[in-house]
Each structure stands twice: as C-alpha cells, then as structure tokens.
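Just so we're on the same page: letters track the sequence lines, and every chain starts at 1.
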Amino acid sequence: MPRTCSKGSTRLDQWPEKVKLMQENWIGKSKGLNLTFNLAGTGDGIDVFTTRPDTLFGASFVAIAADHPLAREMASNAPELQRFIEQCKKGGTTAAEIETAEKIGFNTGLSVEHPLDPSWHLPVWVANFVLMDYGTGAVFGCPAHDQRDLDFARKYNLPVTRVVAEGDNEDSDFEGDVAYTGPGRIVNSHWMNGLSVDEAKADVIAKAEAEGWGEGQTQYRLRDWGVSRQRYWGTPIPIIHCDFCGVLPVPRSQLPVTLPEDVSFDVPGNPLDRHPTWKNVPCPNCKEPARRETDTLDTFADSSWYFIRFASQPDDKPFDADEVKAWLPVGQYIGGIEHAILHLLYARFWTRALQKVGKLDFAEPFAALFTQGMVTHVTYFDKAGDGKITWYNPEEVMSDGTSAQVKGSEKRIQIGRIEKMSKSKKNVVDPDPMFDQYGADAVRWFMLSDSPPERDLEWSESGIEGTWRFVNRIWRLFDGVAQGVSTALDTNGALDKLLHRAIAGMASDIEALHFNKAVARTHELVNAIEKAAPSASRDAAIRTLPRLISPMLPHLAEEGWAALGGEGLVSSQPWPDHDPALLVDDEVTIAVQVNGKLRDTLTVPKDLDKAGLEALALASDKIIRTLDGATPKKVIVVPGRLVNIVA
RNA sequence: GCGGGCGUGGCGAAACCGGUAGACGCAACGGACUUAAAAUCCGUCGGGCUUAUGCCCUUGGGGGUUCAAGUCCCCCCGCCCGCACCA
C-alpha cells in the first residue's frame, strides 16, 4: 500500500496540498541504508537502519530497543538488564510524556565492529528511545548530527565527533547541546572528506553493497491495516474454521454470507461469537462440525469501494467494469478533513489494487477533493468530585457567554471549548425546530449564506430571521408579477447588466463552491429589482430569478416558476444564458491617487488611453488642491484602474 | 519538537495577477406607517479630528520591497489542525 499510494499522490492536482502532505507523512517513506554491525568475537551481528549513512564515521554507539530479541536474550541471565527493560515498558505513551521522557540506557558490555574499520569497536546499549516496531529496532548513534543521540551521548559521556562541517567549523570536537542536522561538507571521515551530505550517502551505500555489509533500502512507517474487528457491525468474512481441515473459504455457492438479525447486545462482546446457529456450520470439506469466522471486516473495507458499487450494482458480481468505466473516477469528492488519511488512503489503495488485477482502468478514485469545514458548537460540562465529566446539550443550558447553568435548576456548570459537534460531547443542535418554523429553503439558504464551506462554522442561529425575511421578499416579487398584468415596455440598462452579471457570476461562484458569494450576488440583484420602477427589464429579471435561485432555494424556485407560468419543473431547466456584451462597462470609475493615497475618483470611458487619463487626473480640482502647486515627478497610469501621481 | 494553516468593523465575511479595504448579510441605532404591536419601508453604521469642504489613522505587532501592500519578503505574537523519540 505505501509503495503504490506514495507514488501518484503528486498527480492529484485537484486535491488540497494539506491532505496530500498528511498522507505522505502517514506513509512515512524514507530512504537509507540497512547495514550490519558484527558483534566483536562472535559471528552474530546487529542489523541497523539509517537515513544518514554519510555520518557513519561519527558513530559512537549502537543502541537497541528494550524488546529487541538480543536484549531479551541477554536479560534472561542478567537481572539488572531485566529490571531496566521493565522500567522502559512502564514509560507513558501520551504525547506529553514522550516529549518530556528522559532518555535512559543500559550498557550491555557488548561491543560491535565498525563496518568501515573492524578494529574500531562501539559499545552496545539498550535504550528507551529506540522503537522495536520501526526499521530493525536498532540504531547507530551519531550524536553530533542527531538530537536524540546527542541527548543520550551527553548523559552517558559518550564521544561526540563532528563529521559534517557547519559553515567553516570543522572541529572534530562537537560542542553544545544542539545537534547539527543541516547540509555541509563531510569532514573527519577519511575518504569521504569534502563530499556533500548527499554524495556521501550515495557513496557509502554503493560501498556497502559492493562489500556486502549493507544495502540501500526504503522504509515505510505506515502500520499494517488490521481489517478485522470483533464486532457485529461489518461485512462477514467468508471463512470457516475446521478442526480437521484448517481454515477454508466459504464455497462460492454459499456466498454472500449475511449477518444474522436475531442478535442481542445485552452482553458486552461480539454477539456473533455466541450465536448458536449462525456460528456453527458443517465444514465444506469434511462435513464435520466447524465454525464461521466471527470477526467482521472493518467498516473502512466497505467505504474503500462503495463508490464503485454505487456506480454499478449487478446481482451476480460486485460491479460491471464497463458501467464503472462510464461513471468513474469520481469528479468531485466532498468530505470532511477527518477522513484525510484513513478512508481516503484506503480507498486509493483499494482502487489501485483493483486496477492491478485488471478490474478497473484507473488508479485514483477521486479526481478532485474538497474538504469542507466542520460545524462546531460550544460545549457545556460538569465535573464531579471523582473527576467524572458530564456533558450537557446546549438546549438544556442557559448561558450568557461567561457563565452557564442548567435550565430550570440552580446547577452551575462550566463552559468548555468550541468543538466539532459530536454525540459524545452532546454539543449537537437539532435543526428540526428551525425547519418547522422557517422551512427547509430558509434553513438551507441560511447555512450557505455567510461562511465559505471550507472553513469551520460555529453554529449560531442569529441570522435565520434575516434569511426568512429574504425568502419572503423574493416571494413577493414573484407574486407581484404573477398578479399584475405588466404593460411596461421600457428597458432598464443598469438592471439588465446586473442581471447578466448575476447569471455569469453565480455560475462561476457555484462551480467554485463559493456559495456565500453566490448568495451575496443574489442579494444585490434582488435589492436592485425591488428598487427598480416597473419595466420589461424588471419583469425579465424576476422571471429569470427562479432558475438562479433553484440550486439554493429549490422549493421557492419551483413555486415561483409555477406561479410565473413556467412549464414543468424549474430544476430541469438549463441555467440561463448571459449576454457577454452586458458584462463590460463602457464607463469605469478609476481611482486618482497622490503618492499612493486616494484623492479623487473619476468616471471615464472604458478605453480612454493613458495620456487622456493623465490629463483628466491632473485637471481634477481635488488633485490640483492636493498638489498645491507642486510639479508631479512621475505619473503612473493603469488604464481602467487608477492614476497615481508621485509628487 | 517537526510540518501545515489562519489572524480584516460589534459579529459572519468580500476584496481577481500588488491598484478605490470592508461588497453582501447579521446585530445595533434613528425615522416613516400604526390607536398600538407585528410586518414592511427609508436612513446611519471601522476609529479619531472637523461647522463643512476635508484631514489623519486602520486588515494581530514590528521592519522591508514598491509609484502603490490585507495581498510579496523577514522577524515576532496569538489561535487552530496534523504528526510525534520514525533513526
């Protein structure tokens, strides 16, 4: 998975950089050298992974994890080491604890030969900061150029030798407590001296491979994805366990395996595991009593390909390749940032795997990704004497913003952080009363109106009243035209322009998911229509309105469309056309600045040239007054924008 | 600690490639209509000075580049997210 998903993420040019970066960090690809340090006097060795083979001459110790096989072996007849290992295991696992945890080590007394100079011996330590589940569970320490190694070396007085020059500083004695991890020339390293860090890395890897004591390797940090769960809610894994025949797949004719519905959750644990009939089945091979697998698949397994099944649902197979080809990949995926890593990475992997086995003809499931913000709300809680926290729903709380109490009681409670709405913190708001009071259109419009969708939104109902008023204003426009027989034949050029601008602008706003801007444009148009005297232009604008508001106020749009005599449904109408000629003004307002400060504005023909603009600007009363006789040193003219006079 | 992002009126926010900061909305305030209220309509609305024309300040803070900076560069502060002893 990491190999295939780290490739190709650069091609996802319509994905947020943030998400791609999070996935890359999660995959944690790093290139380096796997090498063996031979234990002095024995044939055994310790395998070590490093991304800094260039610093090999700066090595001063080798450290292994507390649960490294060698450490455990030695501990069996060394009680002191045994105690040290116990101590390491007790260390906390929270972020803060790891951050502040002191590096501790135990000198095993063993030593290893340096691969580039077998006469040079390095001590072998067991250290709490070496992780067994990454790389080989063993590292070599180069304290001058790695902060962890330096912390460790200073504590146990191990040698610290500089092997990368820091500017002009080539001293082999490294001073201070801050490791140097930047670029530089290699020094104090025999044949490598003078090379750059990158050159030296390549050099050492080549030498190790030629001499057989190591090889270049790419490591991934990504943990394995354990896809099975001991729970009911998930897809059954079609496997049967037989005491005689072992682990067998459920025969094809018995697929799919479906979950039993007569389960109870009265007892903790997986109900499948204690289901009497579902669990016990004959072995498909020897017919003796056997048992179904009672783990189910992680729900991420389903979410990794649901979009494929969504596009094609034949009865006899997971999906039809041709049908899928017609619909996928998904053009625009919209989801929360909380799925940035797991779901979106697994779905990418699933798709790649299906492509690899020839079932799909594309590698990436989602061409474009948009991560919308989360809806947040302040939390309310109360902490009991035993530290137990009780959360309160905002609806049962009275708060003035600085203090809070439970409605209908004297109970004072605390105001917590503003957090993503969640059932566990009870800071969810039920929108149903709003729907009942204002209708679905007003609530939808309200939610689209102010905040851009990529941003987190702190839920507040202030503003819904205004939305409700606006919905009513639009309805009155429809009603007015529908009731009255319009005889006005005049046109209104300004209103025509505004309408066509709204048509074009709202289309691009909506395409870009800038719904709040489309809302603002609708307000501008409606404000102007309301103020305009009756005219053919005004009627046309009102008759266009249902199509414009249909994506965001669908019910009102349909009512308006019908009231104005439209055929069928407005939702099946095409977006109105706009006249590009009406998008350009023949007059523009330009700014006139003196020394970059606005002093006047002028309304001029759109294509007035630089000389004309300059002349007009210099003739302005306000400019003459501001200049107060001074001679302009320089005049910058940006046609259609501004004139800036430098005095 | 590492990586990424954000910071604009009382509030949610606009501002295209560096070119009139605050569009649009909410709240607030003043007014009209009304016996009254609701609804509706009109107006004001970043801060300061000023009789006014107008002037000064203002996009977290400080510096810089530029004719011109919310926008570009450097430093700092604050908040948010992800990762976290990954060799």
Side-chain angles (χ1 to χ4, degrees), chain A residues 16-19 21-26 28-30 32-33 48-52 55 63 65 91 94-96 98-101 103 127-131 133-142 145-149 151-152 219-223 337-338 340-341 374 376 417-418 445-446 449-452 454-458 460-467 469-470 472-473 476 508 514 516-527 530-531 589-602 621-622 625-626 632-638 640-647:
Chain A
E17 287 303 318
K18 176 188 171 71
V19 173
L21 199 69
M22 281 165 72
Q23 291 198 353
E24 273 159 33
N25 290 342
W26 184 256
K29 181 178 180 174
S30 58
L33 172 69
V48 158
F49 176 71
T50 179
T51 57
R52 295 298 303 271
T55 64
T94 68
I98 288 166
E99 183 59 32
T100 54
K103 289 177 178 48
N128 67 339
F129 69 92
V130 181
L131 307 173
D133 51 9
Y134 183 77
T136 60
V139 298
F140 80 78
C142 176
H145 306 293
D146 182 289
Q147 192 59 49
R148 293 159 303 181
D149 297 345
D151 294 344
F152 192 76
Q219 282 281 347
Y220 298 94
R221 180 172 59 204
L222 185 69
R223 289 181 280 274
I337 188 73
E338 68 271 25
I341 294 173
M374 293 178 292
T376 62
R417 286 158 47 103
I418 294 166
W445 183 258
F446 169 60
S449 59
D450 282 341
S451 249
E454 67 274 15
R455 212 172 289 187
D456 282 353
L457 171 75
E458 193 190 340
S460 151
E461 290 182 17
S462 81
I464 183 70
E465 291 284 347
T467 312
R469 284 198 293 270
F470 187 67
N472 283 299
R473 281 164 61 197
R476 281 196 292 272
S508 56
H514 294 158
N516 54 327
K517 293 194 227 168
V519 166
R521 254 183 237 276
T522 310
H523 274 287
E524 280 171 324
L525 179 62
V526 168
N527 288 346
E530 284 177 335
K531 286 194 169 68
T589 303
I590 65 153
V592 185
Q593 302 176 333
V594 175
N595 292 331
K597 287 191 173 168
L598 184 71
R599 296 300 172 190
D600 197 5
T601 57
L602 297 172
D621 287 347
K622 289 176 183 169
R625 208 180 318 133
T626 306
K633 293 195 189 94
K634 190 175 171 186
V635 180
I636 286 129
V637 184
V638 184
R641 280 271 177 204
L642 56 55
V643 177
N644 186 12
I645 298 158
V646 187

Length of the [atom1]-[atom2] vector between [X] and [N], whole Å:
X	N	atom1	atom2	value
A/Ile337	B/C80	CD1	P	17 Å
A/Glu24	B/G4	CD	C1'	13 Å
A/His145	B/C85	NE2	C1'	19 Å
A/Glu524	B/G22	CD	P	13 Å
A/Arg599	B/U53	CZ	P	15 Å
A/Leu457	B/C81	CG	P	16 Å
A/Phe470	B/G12	CZ	C1'	17 Å
A/Ile464	B/A27	CD1	C1'	15 Å

- [ ] With rounding to the nearest 0.5 Å, note down the distance linking CG in A/Asn595 to CG in A/Asn644.
- [x]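 Reported to 0.5 Å precision, the distance equals 7.0 Å.
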Task: Gap between atom OG1 of A/Thr589 and atom CZ of A/Arg641 - 0.5 Å precision - done: 12.0 Å
Do any side-chain nitrogens or oxygens of [X] fall under 4.0 Å of OP1 or OP2 in [N]?
X	N	result
A/Arg641	B/C17	no
A/Arg455	B/A13	yes
A/Asn516	B/A23	no
A/Lys517	B/A15	yes
A/Thr136	B/A87	no
A/Lys18	B/C81	no

Open item on the list: Can you tell me how the ring of A/Phe470 sits relative to the ring of A/Trp445, calling it parallel under 30°, perpendicular over 60° and tilted otherwise?
Closed with: parallel
As a test of reading the structure: which of [options] is closest to the side chain of [X], going by heavy atoms?
X	options	value
A/Arg476	B/A87, B/U40, B/C83	B/U40
A/Arg625	B/U20, B/C85, B/U53	B/U53
A/Arg469	B/C26, B/A23, B/A87	B/C26
A/Leu598	B/G3, B/G54, B/A21	B/A21
A/Val638	B/C86, B/C41, B/G19	B/G19
A/Leu21	B/G25, B/G3, B/A87	B/G3
A/Thr601	B/C85, B/C24, B/U20	B/U20

Task: Side-chain (A/Thr376) to main-chain (A/Leu457) donor-acceptor, under 3.5 angstrom - done: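 Side chain of A/Thr376 to backbone of A/Leu457, a donor-acceptor pair under 3.5 Å: yes, one is there.
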Open item on the list: Would the distance check show the side chain of A/Asp456 and the main-chain N or O of A/Met374 forming a donor-acceptor pair, the cut-off being under 3.5 Å?
Closed with: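 Yes.
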- [ ] For B/G9, decide between syn and anti, treating a glycosidic angle within 90° of 0 as syn.
- [x]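 This nucleotide is in syn.
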- [ ] Could you tell me whether B/C56 is syn or anti, where syn means a glycosidic angle within 90 degrees of zero?
- [x]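 What B/C56 shows is an anti base, its glycosidic angle lying more than 90° from 0.
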Categorize [X] for me: base, sugar-phosphate, or nothing, with a 4.0 angstrom heavy-atom threshold over every strand shown.
X	result
A/Leu642	base
A/Val130	base
A/Thr589	base
A/Gly463	sugar-phosphate
A/Lys633	nothing
A/Asp151	nothing
A/Ser449	nothing
A/Gly28	nothing

- [ ] I would like to know whether A/Asp149 and A/Lys103 meet side chain to side chain contact (heavy atoms under 4.5 Å, CB included); could you show each step before the answer?
- [x] CA-CA 9 Å; A/Asp149 297 345; A/Lys103 289 177 178 48; over 6 Å; no
Who pairs with [N] - Watson-Crick or G-U, where each distance is under 3.5 Å:
N	result
B/U44	B/A28
B/G1	B/C83
B/G78	B/C6
B/G70	none

Task: Side-chain heavy-atom pair A/Val130, A/Arg148 within 4.5 angstrom cut-off - done: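 The answer is no, as the side chains (C-beta and beyond) never meet within the 4.5 Å cut-off.
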Open item on the list: So A/Asp450 and A/Asn516, do their side chains get closer than 4.5 Å, heavy atoms only?
Closed with: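 A side-chain contact under 4.5 Å is absent here.
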Return the polar atom pairs (N/O with N/O) between nucleotides 63-69 of chain B and the protein under 3.5 Å, or none.
| unit_1 | atom_1 | unit_2 | atom_2 | d |
| --- | --- | --- | --- | --- |
| B/C67 | O2' | A/Asn644 | ND2 | 3.2 |
| B/C67 | O2 | A/Asn644 | ND2 | 2.6 |

